[in-house]
Amino acid sequence: MDKRIEIHRNEPFGLTRVYSRASPNHIRAFDGTSTLSNATSVTKSPEANHLEKCPDDPPELVGPLRIVFDEEQSMEQLVELNTYVEFGGHYKPPDCIPLQRIAIIIPFRNREHHLRHWLYYLHPILRRQQGEYGIYVIEQAGENTFNRAKLLNVGFVEASKENNYDCFIFSDVDIVPENDRNLYRCSQNPRHLACAMDKFGYKLPYTGYFGGVVAFTKEQYLKINGFSNNYWGWGTEDDDTYKRVTLSGMSVDRPDRNVGRTKMIRHQRDKGNEVNEKNYVVYNRMKYTRNQDGYISLKYSLIKIEKNQLFTKITVDIGKPPS
Ligand code: UD2
Ligand code: MN
């Protein structure tokens, strides 16, 4: 049985609506989807519902994991395996008060196989880590050049409309941690969770590498004005983000190299996400443009919100690169 629900924005000019980031109250002002969420707040005091705070070290963690991508589950099998997940891809530990409310944001287009592997591994890991979490797959509509970082900004805005998240994890769809002690949580500084990737020999390729999976509190994200919207096609947007962090006076936290081991599903470069040489020009100017280009200038059209059992998919039109 197909249990998906689709919500279209019914606007006079079709299915879309332009969301502009102009006013400081914009998140509340555009709060059109909050009734879709079955997420509940964790602001109650422990005494009020007789629950204690969840421990800093979740007791069910097992450490190193064997991650293989040979066998793929169907979505129906994945749903059966993960019955504790609430509709829309939300989970809240039943027996303690979670330390953080975490939105996981995945930039996406045409990677259904990877998403199934990701859901298969991540839901059980995230459950053991005892955060409250919601999974948001942000899909770029159409065939224009892909823009990963802009989709991440969309994810921040859309997830914030649904729940009072305090931590945002921005993850590629093809990366899975090889150790569940790599907590998908926020810390004192923006956190780089994919710091020891298999494809780089389980070490950082360079000191400022900040790709794959990163975690920002709401405050940290706003402090760097989110991500740049101007990197179309593959490359350099992660270096821009690293620069935003350091230029804002923060440093990067990383787990220990053994704990931070992560695996990426091997793949070819996607059509519509070719290397873009112009991205170096954007990067070289970022020092001067970063305060104008980012969360504050984000514009996109919401096309569809689709609630699946294990994730919420949000499809958006983010436009195309300047010609
Ligand atoms: C590296 C970085 C990634 C990003 C990218 C440059 C790692 C582990 N990751 O990834 O964080 O900085 O370089 O842009 O080094 N995607 C789609 N559909 C597409 C294209 C991309 O869903 O058609 C999404 C998907 O979530 C994917 C991510 O964008 O995982 C990054 O794209 P990639 O996997 O092709 O790039 P990769 O592996 O070189
Ligand atoms: Mn990849």
Side-chain angles (χ1 to χ4, degrees), residues 67 69 103-119 121-122 135-156 168-178 182 184 190-216 226-245 252 254-255 257 260-280 282-283 286 311 313-318 320-321:
I67 307 293
F69 300 117
I104 303 197
I105 312 289
I106 300 176
F108 185 84
R109 186 166 69 184
N110 287 336
R111 296 275 197 109
E112 278 71 17
H113 297 290
H114 292 185
L115 180 59
R116 285 204 281 275
H117 285 300
W118 191 93
L119 294 167
Y121 282 117
L122 264 297
I135 309 293
Y136 296 88
V137 173
I138 314 297
E139 180 182 56
Q140 179 171 342
E143 293 181 357
N144 289 328
T145 308
F146 197 70
N147 187 328
R148 176 178 179 273
K150 188 167 182 182
L151 292 170
L152 301 182
N153 283 333
V154 172
F156 175 86
F168 295 81
I169 307 227
F170 301 96
S171 173
D172 285 3
V173 71
D174 52 18
I175 297 182
V176 172
E178 293 187 72
N182 189 358
Y184 274 47
R191 191 169 179 81
H192 184 211
L193 301 174
C195 64
M197 293 218 47
D198 63 338
K199 71 168 180 175
F200 298 126
Y202 291 110
K203 54 180 197 264
L204 286 178
Y206 50 95
T207 315
Y209 172 68
F210 199 50
V213 191
V214 295
F216 285 78
F227 308 115
S228 169
N229 300 302
N230 293 336
Y231 289 87
W232 300 90
W234 188 91
T236 331
E237 87 297 336
D238 49 347
D239 298 331
D240 183 294
T241 304
Y242 182 79
K243 270 271 188 189
R244 282 173 185 245
V245 170
V252 162
R254 292 189 172 105
R257 221 175 110 180
R261 289 169 74 94
T262 43
K263 218 171 206 180
M264 192 185 86
I265 305 170
R266 295 281 149 160
H267 61 79
Q268 307 285 320
R269 182 91 11 98
D270 301 88
K271 195 164 164 279
N273 194 31
E274 287 76 21
V275 176
N276 184 355
E277 300 293 334
K278 287 188 189 151
N279 287 352
Y280 296 113
V282 178
Y283 181 73
M286 68 81 65
F311 62 98
K313 190 197 232 182
I314 299 181
T315 307
V316 286
D317 178 352
I318 56 169
K320 56 177 197 265

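Both ligands and their constituent atoms are indexed starting at 1 by order of listing.
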Any heavy atom of H114 under 4.0 Å from ligand 1? The part involved is neither

Enumerate the atoms of ligand 1 whose separation from the nearest heavy atom of I175 is less than 4.0 angstrom. 8 (C)

Only heavy atoms of M264, strictly under 4.0 Å: list the atoms of ligand 1 that pass. 38 (O)

Which segment of D172 sits under 4.0 Å of ligand 1 when only heavy atoms are counted: both

Ranked by distance from atom 18 (N) of ligand 1, the top protein heavy atom is R109 O, 2.8 Å

As an exercise, identify every atom of ligand 1 less than 4.0 angstrom from a heavy atom of E237. 4 (C), 5 (C), 6 (C), 12 (O), 14 (O)

Is there a polar contact between ligand 1 and G235, counting only N or O atoms under 3.5 Å apart? yes

Nearest protein heavy-atom contact for atom 39 (O) of ligand 1: which residue, which atom, what distance? W234 NE1, 2.8 Å

How far apart are the C-alpha atoms of F216 and F156, what are their side-chain angles, what is the distance that settles it, and do they pass the ring pair (Phe, Tyr, Trp, His ring centres under 6.0 Å) test? CA-CA 10 Å; F216 285 78; F156 175 86; 9.6 Å; no

State the atoms of ligand 1, each with its element, that fall below the 4.0 Å cut-off from a heavy-atom position in D238. 12 (O)

Residues N229 and N153: side-chain donor-acceptor under 3.5 angstrom: yes

If you measure from the Lys or Arg side-chain nitrogens to the Asp or Glu carboxylate oxygens, is any gap between D172 and R148 under 4.0 Å? yes

Among H117, H114, H267, H113, which residue meets the ring pair (Phe, Tyr, Trp, His ring centres under 6.0 Å) test with F69? H117

I'd like to know if the side chain of Q140 and the backbone of L151 have a donor-acceptor N/O pair within less than 3.5 Å. no

For E274, does the CD atom sit with more than 12 other heavy atoms under 6.0 Å from it, leaving out its own atoms? yes

Students should be able to answer this: which protein heavy-atom is nearest to atom 21 (C) of ligand 1, and at what distance? F146 CE2, 3.2 Å

Using heavy atoms and a threshold below 4.0 Å, how should the contact between N273 and ligand 1 be classified: side chain, backbone, both, or neither? side chain

re atom 33 (P) of ligand 1, the protein heavy-atom contact at minimum distance is R111 NH2, 3.5 Å

Please find the N/O/S atom of H267 nearest to the Mn ion (ligand 2) and write down its name. NE2

Between D239 and Y231: side-chain donor-acceptor atoms closer than 3.5 Å: no

Are any of the N/O atoms on R148, whether in the backbone or the side chain, positioned under 3.5 angstrom from an N/O atom of ligand 1? yes

Any idea which atoms of ligand 1 are less than 4.0 Å away from a heavy-atom of P107? 22 (O), 24 (C), 25 (C), 26 (O)

Indicate the atoms forming the closest heavy-atom contact of F170 with L152, along with that distance. CE2-O, 3.6 Å

Note: ligand 1 atoms sitting under 4.0 Å from heavy atoms of M197 are 8 (C)

Contact summary for P190 and F210, nearest pair of heavy atoms: CB-CZ, 4.2 Å

Side chain to side chain contact (heavy atoms under 4.5 Å, CB included) between F227 and E237: does it pass, once the steps are laid out? CA-CA 8 Å; F227 308 115; E237 87 297 336; over 6 Å; no

Can any side-chain N or O of N273 pair as donor or acceptor with the backbone N or O of W234 at less than 3.5 Å? yes

Can you tell me which residue and heavy atom of the protein come closest to atom 11 (O) of ligand 1, and the distance to 0.1 Å? G212 N, 2.8 Å

Measure from the Mn ion (ligand 2) to each N, O or S atom of D174 and report whether any distance is below 2.8 Å. yes

Within ligand 1, which atoms have a heavy atom of Y209 less than 4.0 Å away? 7 (C), 8 (C), 9 (N), 15 (O)

Please confirm whether Y209 and Y206 have ring centers closer than 6.0 angstrom. yes

Tell me whether ligand 1 is touched by K199 - counting only heavy atoms on the residue side and a distance under 4.0 Å. yes

Counting N and O atoms only, with roles assigned by atom type, does the side chain of R109 sit under 3.5 Å from a partner on the main chain of G142, one being a donor and the other an acceptor? yes

Nearest protein heavy atom to atom 20 (C) of ligand 1, by residue and atom, and its distance? D270 OD1, 3.3 Å

Suppose I only count heavy atoms of G211 and a 4.0 Å limit; which atoms of ligand 1 are within that range? 11 (O)

